[in-house]
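Along the sequence shown, residues are numbered consecutively beginning with 1. What you see below is based on every heavy atom in this structure, not just the backbone, and it leaves out hydrogens, waters and symmetry mates.
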Amino acid sequence: MTANNEKTPAVNVNPVTRQLIRGSLRAARLECELLIERTAMSAFIREKKDYQVSFLDRHGHEIYGDSMGSDIVRCVWDFYPVETMAAGDLYWYNDPYLSRGSITHTPDMVFLAPVFFEGEAVAYCHSFAHFWDLGGSRPGSIGPANTEIFHDGTLVPPIKIIDQGKTNDEAYRIILRNSRYPDLLEGDTRALMAAANRAQERLLEMFGRFGKETTLAALEADQADTAAMVREKALELIPEGTASVREYMDHDGVNGGWHSFHLELNRENGRITLDSTQSDDQAGGSINFMASDGALGAYFGQYFHQYDTSMLSNHGLLASIDDVKMRQGSILQPDWPAALGCRAHTFTKLKSSVRALLAEATGGKVMAGSAVYVIAYWRMKNNGEDWLLCTDGIAVGHGARPFADGLDAIYSRHNENYPGEFMEMEYPLRMERYAIGMDSGGPGKFRGGCGIIRDVRILADEGTFGLRVENNLFPTWGVSGGMGGGTSRVVLNPGTPQEKEIRPFSDDNVWKKGDLVRVYTAGGGGWGDPLEREPDVVLDDVLDGFVSIEAARDSYGVVIDPSSLVVDQRETETVRADLRKSRGPTKLFHRFEYYDTAEEELTWVERNIPR
């Protein structure tokens, strides 16, 4: 036996009590995440806020958090059955393979605490964050040049790091010893341990206040309510029949040629299935994504959750999909020991693909494609000193929506961009430019979010840098007449005799004191016909530096006098009429050109961008 599968006795919990329990969970999560932010040592956690705390029920199902359908507890039960657990225990792991994709790359560490009330394991709390360095082939552990999981850093199987309050110092020392920056790792892990412990305390207070049976019944009712809501929306929005999408990654960092995954959504007699078996084989590089079926289901649940955000984000999000089919050895289910470090190239596009699958059913009323967030590994040293690492997350543009422009210059939905002052204060680096990338947002009635331009100069004697930059070859897609976004690009020493194009997804690039790297990040796709965007709004974009005068004319058909910066209304009407005639009717999607189906785009890609 690995889990307590007894059914909670039927208890009728009144609405006020249920709201109080929801409020307790929300407050506890906020408190514990702030504890991590204020006590962690590495910048990726402290400044970028790549962390989370979640709460799970006694079956391991999420009751509140952002675990994305992951089965966080199962791999711990594989080694430590629930009957062997005790109050004061804390478990630690980061192995993507043993966790069956619940953790998707090695820098993401999980600390799991069982919650015992009245002698029974009634719940679990887990804290999670992205750690600075866990060994591996290069500082920062993960990187574009990695070809197997061992390159990605130390693998920690589920271990009991704290046994009834006593820390396993021997195991702890071994893990710390395998990091290039053990002080940072120790500070971060202790912050995560403290957060898991605080979360456990807050759940115990909640059970003590409301009682075990009432609390368990309320948590199950919340999961059932969320499940009912997302299932209802799924059946309302997903029609009988089949829809499919294929999405492309530029390359895997090691071998030439693009990679792709394929999703097919089918509804037959009220049963909804998602099939990914036609995806490409696993990549030789590190863009493979160990996708759990729960995660793929949760991506749909997250989309449907927007229709009633009063519902808690919990295990009920998985109810929209009945069955997920995957193929072992594919890019979404790679064989051991494939590298997984840069899996964000793939899973970020998976999330966008969920919206693409629903575009036809909703008449195109979905958010357009968003660019993959960027990470640069700036490595540097002065003569006679140790190597330093700055893992720099860089913002991109997000897809336009049916009611508004896309978000500009956003790294990720729950993470933040580094302040320039922080980088210069902590490292021998100077950020000399941080600007909106003009014309990077996909044209549309609602414009895609713009990416950015970031100039970083090295002040140390020598260094190398790695780049995890996607959307260089394949831009984001526009929808409902909207057009694809702008692409990414990286240049060393731009505007000098030493100017050099750098492959955007690469590692071991050399720079020396005084060199400058310029990163152009991609923009989000547009929504709606760009010729329907109000000319005054296009003018505002020009005045604000989001759109050039040339793009205003060529993409939006809006003619702006370069001297007076006033819209020429008569010429605009003429140019728009000419553009409509020359381009023909729009289609559901646009990337390189307009298309309606995945097959239609694949034909174009294979003809024009051979692997």
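The CG atom of L467 sits 5.0 Å away from atom OG of S506, with the distance rounded to the nearest 0.5 Å. Note that the CD1 atom of I36 and the CD atom of E31 stand 11.5 Å from one another [nearest 0.5 Å]. Put simply, CG on N415 and CD1 on I45 are 11.0 Å apart, with the number rounded to the nearest 0.5 Å. In this structure, CZ on R591 lies 8.0 Å from OG1 on T476, to the nearest 0.5 angstrom. With rounding to the nearest 0.5 angstrom, the CG atom of L388 is 8.0 Å from the CG atom of N382. Atom-to-atom distance recorded for H126:NE2 and C32:SG is 12.0 Å, nearest 0.5 angstrom.
Under 3.5 Å, the side chains of N146 and S286 contain no donor-acceptor pair of N or O atoms. Between the side chains of Y51 and E37, at least one donor-acceptor pair of N or O atoms lies under 3.5 Å. In this model, no donor atom of one side chain and acceptor atom of the other lie less than 3.5 Å apart for N94 and T106. Inspection of the D335 and Q328 side chains reveals an N or O donor paired with an N or O acceptor under 3.5 Å. A side-chain donor from one of R355 and S352 sits under 3.5 Å from a side-chain acceptor of the other. Using modelled atom types, one finds a donor on one side chain and an acceptor on the other under 3.5 Å when comparing S260 with R246. For the residue pair T189 and Y172, a side-chain donor N or O sits within less than 3.5 Å of a side-chain acceptor on the partner. Looking only at atom types and distance, the side chain of D250 has no donor-acceptor partner in the side chain of N472 under 3.5 Å away.
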* Give the C-alpha distance, both sets of side-chain angles, the deciding distance and a yes or no for side-chain contact (heavy atoms from CB on, under 4.5 Å) between T487 and N471. => CA-CA 5 Å; T487 54; N471 300 114; 5.7 Å; no

* Asked: After noting the C-alpha distance and the side-chain angles of Q52 and S54, does the key distance pass the side chain to side chain donor-acceptor pair (under 3.5 Å) rule?
  -> CA-CA 7 Å; Q52 61 171 280; S54 295; 3.3 Å; yes

* **Derivation and outcome, side-chain contact (heavy atoms from CB on, under 4.5 Å), residues L185 and L134** => CA-CA 8 Å; L185 181 57; L134 298 168; 3.8 Å; yes

* Could you walk me through whether K512 and E462 pass the salt bridge (Lys or Arg N to Asp or Glu O under 4.0 Å) test, one step at a time? => CA-CA 4 Å; K512 61 184 185 300; E462 61 177 307; over 6 Å; no

* Just do the side-chain contact (heavy atoms from CB on, under 4.5 Å) check on C75 and Y93 with the steps written out, would you? => CA-CA 9 Å; C75 69; Y93 71 88; 3.4 Å; yes

* Under the side chain to side chain donor-acceptor pair (under 3.5 Å) rule, what do D89 and Y91 come out as? Steps first, then yes or no, please. => CA-CA 7 Å; D89 289 349; Y91 302 88; 3.2 Å; yes

* To do: Under the salt bridge (Lys or Arg N to Asp or Glu O under 4.0 Å) rule, what do R489 and E501 come out as? Steps first, then yes or no, please.
  => CA-CA 8 Å; R489 183 185 174 210; E501 288 279 339; 2.6 Å; yes

* Asked: Given the rule in the salt bridge (Lys or Arg N to Asp or Glu O under 4.0 Å) test, do D152 and R138 qualify, once you have shown the distances and angles that lead to the verdict?
  -> CA-CA 8 Å; D152 290 346; R138 294 163 180 79; over 6 Å; no

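Counting heavy atoms from C-beta on, the side chains of I175 and I159 come closer than 4.5 Å. For the pair N168/D163, no side-chain contact is recorded, criterion being any heavy-atom separation below 4.5 Å from C-beta on. Residues R518 and R454 fail the side-chain proximity criterion, which asks for heavy atoms closer than 4.5 Å. In this structure the side chain of V396 never reaches within 4.5 angstrom of the side chain of V372, judged on heavy atoms. Residues L389 and Y377 have side chains in contact (heavy-atom distance under 4.5 Å, counting atoms from C-beta outward). Contact check for E247 versus W477: side-chain heavy atoms found under the 4.5 Å cut-off. Proximity of E47 to E416: side-chain heavy atoms (C-beta onward) are nowhere separated by under 4.5 Å. Within the 4.5 Å cutoff, the side chain of Y97 has heavy atoms near those of the L340 side chain.
The closest donor-acceptor contact from the side chain of D281 to the backbone of S330 lies at 3.5 Å or more, if one exists at all. Not a single donor-acceptor pair under 3.5 Å links the side chain of Q302 to the backbone N or O of A298. A donor-acceptor pair is defined here as one N or O able to donate and one able to accept, closer than 3.5 Å; no such pair exists between the side chain of H305 and the backbone of G301. Not one N or O on the side chain of N509 forms a donor-acceptor pair closer than 3.5 Å with the backbone of G466. Under the 3.5 Å distance criterion, the side-chain polar atoms of E62 are matched with a main-chain donor or acceptor of D66. Looking at S42, its side chain never comes within 3.5 Å of a backbone N or O of L184 through a donor-acceptor pair. Counting only distance, with no hydrogens or angles, the side chain of S102 and the backbone of D71 share a donor-acceptor pair below 3.5 Å. When atom types are taken as modelled, the side chain of N493 and the backbone of D515 share no donor-acceptor pair closer than 3.5 angstrom. Remark: side-chain polar atoms of S292 are paired, donor with acceptor, to backbone N or O of A295 under 3.5 angstrom. With hydrogens and angles ignored, the 3.5 Å screen pairs no side-chain donor or acceptor of D95 with any backbone N or O of L155.
Taking the ring axis of F261 as reference, the NZ or CZ atom of K349 does not stay both within 45° of it and closer than 6.0 Å to the ring centre.
Using the six-membered ring where Trp is involved, F150 and W336 have ring planes that are perpendicular, over 60° apart on the 30 and 60° scheme. Between F44 and H130, the ring planes lie tilted relative to each other; the angle falls in the 30° to 60° range. Using cut-offs of 30° and 60° for the angle between ring planes, the F289 and Y299 rings count as parallel. Under the 30°/60° scheme for interplanar angles, the aromatic rings of W258 and Y248 are found to stand perpendicular.
By the neighbour-count criterion of 12 heavy atoms within 6.0 Å, atom CZ of R26 is densely surrounded, having more than that number from other residues, nucleotides or ligands.
None of D386, D392, D507, D133 except one satisfies the salt bridge (Lys or Arg N to Asp or Glu O under 4.0 Å) rule with R379; the exception is D507.
Note: Y427 and W378 fail the aromatic proximity criterion, with ring centroids not under 6.0 Å apart.
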